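Read the structure below first, then the notes.
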Amino acid sequence: MLDIQLLRSDLDGVAARLATRGFVLDTARFGDLEAQRKSIQVRTQELQSKRNSASKLIGQAKARGEDTTAIMAEVALVGEELKSIEVQLMELQSELQKMLEGLPNLPHESVPLGKSEADNLEVRKVGRMPVFDFAVKDHVELGESLGGLDFETAAKISGARFSVLKGGVARLHRALAQFMLDTHTDSHGYTEVYVPYLVNADSMRGTGQLPKFEEDLFRVPRQMGEGGEQNFYLIPTAEVPVTNIVRDEIIPVEQLPLKYVAHTPCFRSEAGSAGRDTRGLIRQHQFEKVELVQIVHPDVSYAALEQLLGHAETILQKLGLYYRVVRLCTGDIGFSSATTYDIEVWLPAQNTFREISSCSNFEAFQARRLQARFKSGTGKPELLHTLNGSGLAVGRTLVAILENNQLADGSISIPEVLRPYMGGLEVLSAN
RNA sequence: GGAGAGGUGGCAGAGUGGUCGAAUGUACCUGACUCGAAAUCAGGCGUAGGCUUAUACCUACCGAGGGUUCGAAUCCCUCCCUCUCCGCCA
């Protein structure tokens with residue numbers, strides 16, 4: 001959420017910056033709502049003040065045993081007007097709130113201008129593109145012939161966009177997650193957290209998934225007492241529960257930065273991506289991810305972003321995967337993000353790079369919704385900055401290992417760093 | 001699932017219709033005392049919003065939402081959460 005004070009003081013400036021990411025801010029409507037809000041709020045507070053002081057007088061008069069009918073008649077009139085004007089004020093404020101919640105974050109000045117994915121900026125390529133002296137197979141073919149990937153059974157159990165992993169492939173998948181967690185906790189200073197996979201609407205609102213992106217989520221209705229109904233939502237990323245750890249909290253400045261890593265499943269409805277990436281593990285309703293979250297002082301959030309990006313890259317380097325880092329342009333960054341780097345891994349079977357991590361600085365956008373603040377000594381509480389990044393998407397990393405490490409006979413050479421997690425296995429082959 | 005207790009400021013904890021945004025303690029900040037510190041004493045110390053050049057002033061907030069009333073932390077209704085005991089259970 002943006003600071004409403006900023007919209008009041010520099011509406012056109014905000015509109016211009018939002019325009020760079022293709023968002024049209026209805027400045028006339030905002031100005032209109034604000035003007036109404038202002039006059040009605042002033043009037044409301046005036047009336048409340050009148051009522052309060054009259055009520056005080058009544059109390060004092062009664063204490064002295066005096067007659068109060070005259071003043072009570074007077075204040076009754078105030079009450080009438082108050083009742084209707086308070087309703088108006090509430091409606092206006094919820095209109096404004098709705099509008100505000102629908103505004104995406106302002107891109108940082110350094111974000112390259114652009115309309116779409118095509119305008120993203122390649123920052124660097126790292127590693128060496130693997131060369132094969134045989135025809136490469138894709139991960140589906142490899143996984144199935146290893147007896148470790150079964151989409152038909154998954155379709156029977158659940159439907160499209162689910163998978164069943166078996167044997168060595170299932171273990172490799174687990175090994176990847178363990179390796180990532182261990183690396184981030186042992187070498188990068190993150191604290192491992194285990195968090196709920198079902199969260200409430202407040203948490204989804206806090207990180208920006210709600211109200212705008214409800215159709216991307218799996219909602220789990222929940223019957224409460226006496227006809228009450230509330231929803232749980234399956235998390236689309238660990239970002240949601242982990243970042244919400246600091247919702248409504250005031251963190252002492254000396255505890256910063258908070259660095260958390262969590263390994264969770266992620267659930268996405270993939271509404272609107274029908275027909276895209278239907279083959280294989282690339283786009284699933286359920287997948288695993290190791291997520292890095294940092295909660296930091298505003299002064300250091302951009303340094304923290306570079307650091308976090310480096311932590312994610314380390315995983316790829318240790319796995320020996322070829323990848324590139326891409327700076328997303330204004331037209332392609334996510335709703336809540338001020339700056340985003342994507343890491344894309346090389347997939348030889350597709351002859352292309354595919355996203356395997358996304359690292360973002362949200363600045364105070366999420367913190368404002370979350371009321372996540374820090375306090376130093378005597379100072380007032382201030383909003384924190386929040387960041388996160390995948391470190392990495394486990395399913396897609398598995399795809400990358402299968403495809404990049406395939407041998408001519410369809411077996412897979414296990415990266416050295418994973419072997420301790422695989423009982424020392426060096427090559428994964430059928431049976 | 002059954003029975004009970006409770007949700008108040010950073011924390012602890014008073015407050016059952018009228019100067020209560022809230023006693024008191026503690027933490028924190030400032031000052032005095034001290035060579036310095038501790039102890040002690042004095043003062044300050046919630047959040048959000050409005051209006052304002054600025055002070056000042058005003059409004060809202062005592063788990064959430066609704067209601068009664070001239071007036072609600074306090075009374076009524078609904079919901080949520082926490083704790084204790086019993087039962088069941090991975």
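The structure displayed is predicted, hence computed values, not measured ones. Just so we're on the same page: letters track the sequence lines, and every chain starts at 1.
In this structure, A:L77 places its CG atom 12 Å from P of B:rC70, rounding to the nearest Å. Rounded to an integer number of Å, the gap from A:F232 CZ to B:rC80 P is 11 Å. Computed from coordinates, the A:F374 CZ to B:rC28 P distance equals 20 Å when rounded to whole Å. Atom P of nucleotide B:rG71 and atom CD1 of A:I58 are separated by 8 Å, given to the nearest angstrom.
Side chains of A:E141 and A:Q406 form no contact here, defined as non-hydrogen atoms less than 4.5 Å apart.
A:H263 and A:E288 form a side-chain donor-acceptor contact under 3.5 Å, judged by distance and modelled atom types alone. For the 3.5 Å distance criterion, the side chains of A:Q88 and A:Q36 fail to qualify, holding no donor opposite an acceptor. Under the 3.5 Å distance criterion, with hydrogens and angles disregarded, a donor-acceptor pair is assigned to the side chains of A:S203 and A:N200.
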Pairwise N/O distances under 3.5 Å, protein to nucleotides 60-63 of chain B:
unit_1	atom_1	unit_2	atom_2	d
B:rA60	OP1	A:R51	NH2	3.2
B:rA60	OP2	A:N52	ND2	3.4

Could you list all N or O pairs between the protein and nucleotides 46-53 of chain B that sit under 3.5 Å apart?
unit_1	atom_1	unit_2	atom_2	d
B:rU47	OP2	A:K380	NZ	3.3
B:rU47	O3'	A:R373	NH1	3.4
B:rG49	O2'	A:Q41	NE2	2.9
B:rG49	N2	A:Q45	OE1	3.2
B:rG50	OP1	A:R8	NH1	2.1
B:rG50	OP1	A:R8	NH2	3.1
B:rG50	O4'	A:Q41	NE2	3.3
B:rC51	OP1	A:K38	NZ	3.3

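One finds no side-chain N or O of A:S55 lying less than 4.0 angstrom from the OP1 or OP2 phosphate oxygen of B:rG18.
Ring-plane geometry between A:Y302 and A:H108 is classed as tilted, the angle between the planes lying from 30 to 60 degrees on a 0 to 90 degree scale.
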